[in-house]
Amino acid sequence: MAPPRVRFAPSPTGYLHIGGARTALFNWLWARRTGGKFVLRIEDTDRERSTQLAVEAIIDGLKWLGLDWDEGPDIGGPHPPYFQTQRLDLYKRYAEKLIAEGKAYACYCTREELDVQRKKAEAEKRQFRYPGTCRDKPYDPSRPHVIRFRVPEHGATSWNDLVKGVISTPHDTLQDEVILRGDGVPLYNFGAVVDDITMEINLVGRGDDHVNNTARQILMYQALGYPVPTFAHFPMILGADKARLSKRHGATSVTAYRDMGYLPEAVLNYLVRLGWSHGDQEIFTRDELVKVFDLKDVGATAGVFNPEKMAWVNHEWLKKLSDEELARKALPFFRKAGLPAEDDAKLRHVCAVARERAKTFGEYVQQFRYFYAPPQLDPKAKAKFLTADNRPVLQTIRDGLAALPALETGALEQIFHGVAAARGVGLGKVAQPVRVALTGGTASPGMYDVIQILGKDEALARLDAALKTIP
RNA sequence: GGCCCGUUAGUCUAGCGGUCAGGACGUCGGCCUCUCACGCCGAAAACAUGGGUUCAAAUCCCGUACGGGUCACCA
C-alpha cells in the first residue's frame, strides 16, 4: 500500500484550538509512524473571517507543539500553493468538468428567493432542501449564478470509517449543494475534495463534526473519477458540561497554555490521551508515540477536557527536567511578572524547590514570587506566629544566622535544632515563625532552602522587619 | 424536528463471550515530616435502561432514555 498522505487543513479564523491541535497531532503521528507525509493546508475561503494573523497564530501553535509538516505554507511542496484562495482556478476547472458531464449545474436562484423558500418551509415545519429549480436549465455563464453539485436522489453512500466503523448516509438527506459561489470561491466540501485529490491525500483524519460531510464528498470523488480516500473521524472534545469545548469553558487555545507555563511535550501528551490509549500508560514521549500510535486505537466516544489532569501531566514532565533546564525555561515567566530573576544559581535553587510543588511555570511565579519580591504578610499567619512569645525564637535565629560565616545546611540545622532543644519544643515551633517572617505565609519549601535562596542579608532583613512588627 | 454518531466511577480510559471489571486524574484516610509539596500505603467510586441471542454478555442484536454532531453562496 502506498504510504499515507495525511493533512491538517485548518481554516484561519482564530488561534489554534485544543481540538484542532489534537486533530493535527493524530494526523502527524500517523504520518510519522507510517513513514507517510503530513501536509498543512490553509482553508481560507471564508474571506469574511479568515485573517493573516490567524494563519500565523496557527503556524506558531503547531511549531510550538513540534508538529512539523512535510508540505505546506512557508516550505512549499509538490502540490502548491497551500492556501485555497490561491487555487481558485483549480476549483473552477474541476467544476467545469463536472458541468460538462452534467454532474453539476449553474443555479440562478438568488439568495433572497432561497431565503423565502427556506422561511416558508420553516413555517410549515418542513425540512428545506433545494428543490432543484435550476437542475435542467441551460448553462448561461453570463447570468449571475452559483454552481451546484447534482446529488443522486435515491440510494445511500457508505464508507468504513477507521474509527467509527461503517457509516451510511441516505441520499434523500442530501441536497444539490453549492460547490462554487457566485464569485468563484469554492465551498468547503468542494474545495476540500479538489485539494485532497490534487494533493494526493489518501487518508482524511478530521473531527467528528465532518461525518455529515463525508457522503457528499465521496459522491464528489466519484463524480470526478478519483479514488475515495480512507476516512477517520476523531471524537469531539467537550467541556465539563459535555457541550462542545469553547471559550466559555476556559482557555482553549494552545498558545494560552504555552503562556501559562505548560510544556509542549505535556500538552501533546495530554491531548493524545484524550481519545486514544495504549494499555495503562499515561506518560509518553514524542518518540514513544511515534512508535506506538495507531489510528485503530482511537476511541469513538467524545471526551471531556480535564484541566486538572493536564496540569498533572505537565507536572510529570516538569519533574523530569534538570534544575538547569527548569531554570532556563522558567526564567521568562519570572521576567514577564516583573521579577528580577536571572539564569543563575539562585533561580536553579528556586526551581529545585518548586519542582515538587508547582505544576506550571505560571504557578512557579505565583507561589514563589517572595524569593524575588518582599513577602506579602498573611494577616492570619502573622497573628498566629509573629507573637511576643515567639520574639525570642526569631531573635535567636536571627543572631545565629548573623554569626554564620556560610549558609551550609548542617550549620543551619544546628541553629534550628539548638533553639528547639533549648526551649524544649519541636522543630515546628521554631520553623513556623521563621517561615512567616521569611515568606509571609505558613506554607513554603524547607527553611534551610528558603534561607539559602534568600541569602544571608535578605534573610536577616526579613527577620528584622518581622521583629519590628512585634510590639 | 430529520439524519448521523456515541453511552464502563466526577473525568480520561483498559476490556474485544467466562476478569474479584484493570490503570490514571481528582476526592478521602494514613505514613513520612519544620509547614507545604513530593513519595509511599490504603479507601470510596462505573458497565445508562428494557428486551432478546447464548450454558455464559460490559462485550453480539433490537428498542428506550440521555448526550453530541449536522442540516448555509461557514468551515
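Atoms considered below: every heavy atom in the structure, side chains included; atoms not considered: hydrogens, waters and symmetry mates. Lettering of chains follows the sequences in order, A, B, ..., and the numbering in each one begins at 1.
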If you count heavy atoms of other groups shown closer than 6.0 angstrom to CD of A:E325, is the number above 12? yes
Parallel, tilted or perpendicular, judged at 30° and 60°: which one describes the rings of A:F368 and A:Y364? perpendicular
Distance between P atoms of B:G18 and B:C12 (Å, rounded): 25 Å
Closer than 4.0 angstrom, basic N to acidic O: yes or no for A:E177 and A:R216? yes
Minimum-distance nucleotide (side-chain atoms of A:N189 versus B:G6, B:A75, B:C3): B:A75
For RNA chain B, which residues in residues 39-53 of chain A have a heavy atom at a distance below 4.0 Å? A:E43, A:T45, A:D46, A:R49
May I ask which nucleotide in the shown strands pairs with B:U54, Watson-Crick or G-U wobble, both distances under 3.5 Å? none
Nearest to side-chain heavy atoms of A:Q127, which nucleotide of B:G23, B:C71, B:C4: B:C71
Any salt bridge linking A:K320 with A:E316? Criterion: basic side-chain nitrogen under 4.0 Å from a carboxylate oxygen. no
A:R244/A:D209 salt bridge by N-O under 4.0 Å criterion: yes
Could you give the CZ-to-P distance, from A:R148 to B:A72, as a whole number of Å? 10 Å
Expressed in whole Å, how much space separates the C1' atoms belonging to B:A24 and B:G15? 16 Å
Say we look at B:A14 and B:A56: how far apart would their C1' atoms be, to the nearest angstrom? 22 Å
Within a 6.0 Å radius of atom NZ on A:K319, are there more than 12 heavy atoms belonging to other residues, nucleotides or ligands? yes
Using 4.0 Å as the upper bound for N to carboxylate O, is an ion pair formed by A:D195 and A:R7? no
Does OP1 or OP2 of B:U13 have a side-chain N or O of A:K309 closer than 4.0 Å? no
Separation between the C1' atoms of B:A65 and B:C28, rounded to whole Å: 33 Å
Strictly by Watson-Crick or wobble contacts shorter than 3.5 Å, is anything paired with B:U19, and which nucleotide is it? none
How close or far is atom C1' of B:G67 from atom CD1 of A:I237, stated in whole angstroms? 17 Å
Over all strands shown, is A:Y448 touching base, sugar-phosphate only, or nothing at heavy-atom distances under 4.0 angstrom? base
Identify whether any heavy atom of A:T169 sits under 4.0 Å from a base atom; if not, whether one sits that close to sugar-phosphate; answer base, sugar-phosphate or nothing. nothing
Would you call the rings of A:H17 and A:Y15 parallel, tilted or perpendicular, where under 30° means parallel and over 60° means perpendicular? parallel
Integer-rounded Å distance: B:C66 P and A:L238 CG: 18 Å
Near RNA chain B, under 4.0 Å by heavy atom, which residues of residues 423-436 of chain A? A:L427, A:G428, A:A431, A:Q432, A:R435
Assign the ring pair A:W276 / A:F293 to parallel, tilted or perpendicular, where the plane angle (0 to 90°) is split at 30° and 60°. tilted
Want to settle it: does A:H315 or A:D280 sit nearer the 5' end of RNA chain B, counting the closest nucleotide to each? A:D280
Check every atom of B:C34, B:G6, B:A75 against the side chain of A:R181 and return the nucleotide holding the closest atom. B:A75
Round to a whole Å and report the spacing from CG of A:D208 to P of B:G6. 9 Å
For A:I283, does the CD1 atom sit with more than 12 other heavy atoms under 6.0 Å from it, leaving out its own atoms? yes
From NE2 of A:H249 across to C1' of B:U11 the rounded distance in Å is 14 Å
Using the P atom in both, what is the distance from B:C36 to B:G30, to the nearest Å? 12 Å
So does A:R369 have more than 12 non-hydrogen atoms from other groups sitting under 6.0 Å from CZ? no
Within the structure shown, what part of the strands sits under 4.0 Å from A:P445 by heavy-atom distance: base, sugar-phosphate, or nothing? base
Classify A:E308 by what it touches in the nucleic acid, base, sugar-phosphate, or nothing, heavy-atom distance under 4.0 Å. sugar-phosphate
Does NZ in A:K103 sit with more than 12 non-hydrogen atoms of other residues, nucleotides or ligands closer than 6.0 Å? yes
Can you figure out which of B:A75, B:U35, B:C34 approaches the side chain of A:L187 most closely? B:A75
Of the candidate nucleotides B:A24, B:G68, B:U13, which contains the atom at the shortest distance from the side chain of A:T301? B:U13
Flag the pair A:I179 / A:L187 as yes when at least one side-chain heavy-atom distance between them is below 4.5 Å, and no otherwise. no
Which nucleotide, B:C4, B:A24, B:C73, lies nearest any side-chain atom of A:W312? B:A24
Would you classify A:K384 as touching base, sugar-phosphate or nothing, given that sugar-phosphate means primed atoms plus P, OP1 and OP2, and contacts are heavy atoms under 4.0 Å? nothing
Could you state the CZ-C1' distance from A:R206 to B:C5, rounded to the nearest angstrom? 14 Å
Just to be sure I understand the rule, does A:H210 reach a base, reach only the sugar-phosphate, or reach nothing, if contact means heavy atoms closer than 4.0 Å? base
Between A:R129 and A:D176, is the closest basic N to carboxylate O distance under 4.0 Å? no
Closest to the side chain of A:N212, out of B:C73, B:C4, B:G26, is B:C4
Looking at A:E113 and A:R118, is any side-chain nitrogen of the basic one under 4.0 Å from a carboxylate oxygen of the acidic one? no
Between the side-chain atoms of A:E282 and the base atoms of B:G23, is any donor-acceptor pair under 3.5 Å? yes
Does any N or O donor sit under 3.5 Å from an N or O acceptor when you compare the side chain of A:N213 with the base of B:A75? yes
Specify the residues of residues 272-279 of chain A, ordered by number, for which at least one heavy atom lies under 4.0 angstrom from an atom of RNA chain B. A:R273, A:L274, A:G275, A:S277
If we call it a pair only when both distances are under 3.5 Å in a Watson-Crick or G-U wobble match, what pairs with B:G1? B:C71
Heavy atoms only, 4.0 Å cut-off, all strands: where does A:G182 land among base, sugar-phosphate and nothing? base
Quickly work out the A:F234 CZ to B:C12 P distance and round it to whole Å. 18 Å
Whole-Å C1' distance, B:G23 and B:U64: 33 Å
By nearest heavy atom, map A:F128 and A:R22 onto RNA chain B; which one lands nearer the 5' end? A:R22
Assigned partner base of B:C66, Watson-Crick or wobble definition, under 3.5 Å: B:G6
Who does B:C40 pair with, Watson-Crick or G-U, both distances under 3.5 Å? B:G30
In whole angstroms, how far is the C1' atom of B:A75 from the OH atom of A:Y15? 16 Å
The side chain of A:T173 is closest to which nucleotide in this list: B:C3, B:A75, B:G68? B:C3
Partner of B:A24 under the Watson-Crick or G-U wobble criteria, both distances under 3.5 Å, comes out as B:U11
Is any NZ, NE, NH1 or NH2 atom of the basic residue among A:K120 and A:E122 found under 4.0 Å from an Asp or Glu carboxylate oxygen of the other? no
Whole-angstrom distance between B:A45 and B:G10, as gauged at atom P: 11 Å
I'd like the P distance from B:G17 over to B:C61, given in whole Å. 12 Å
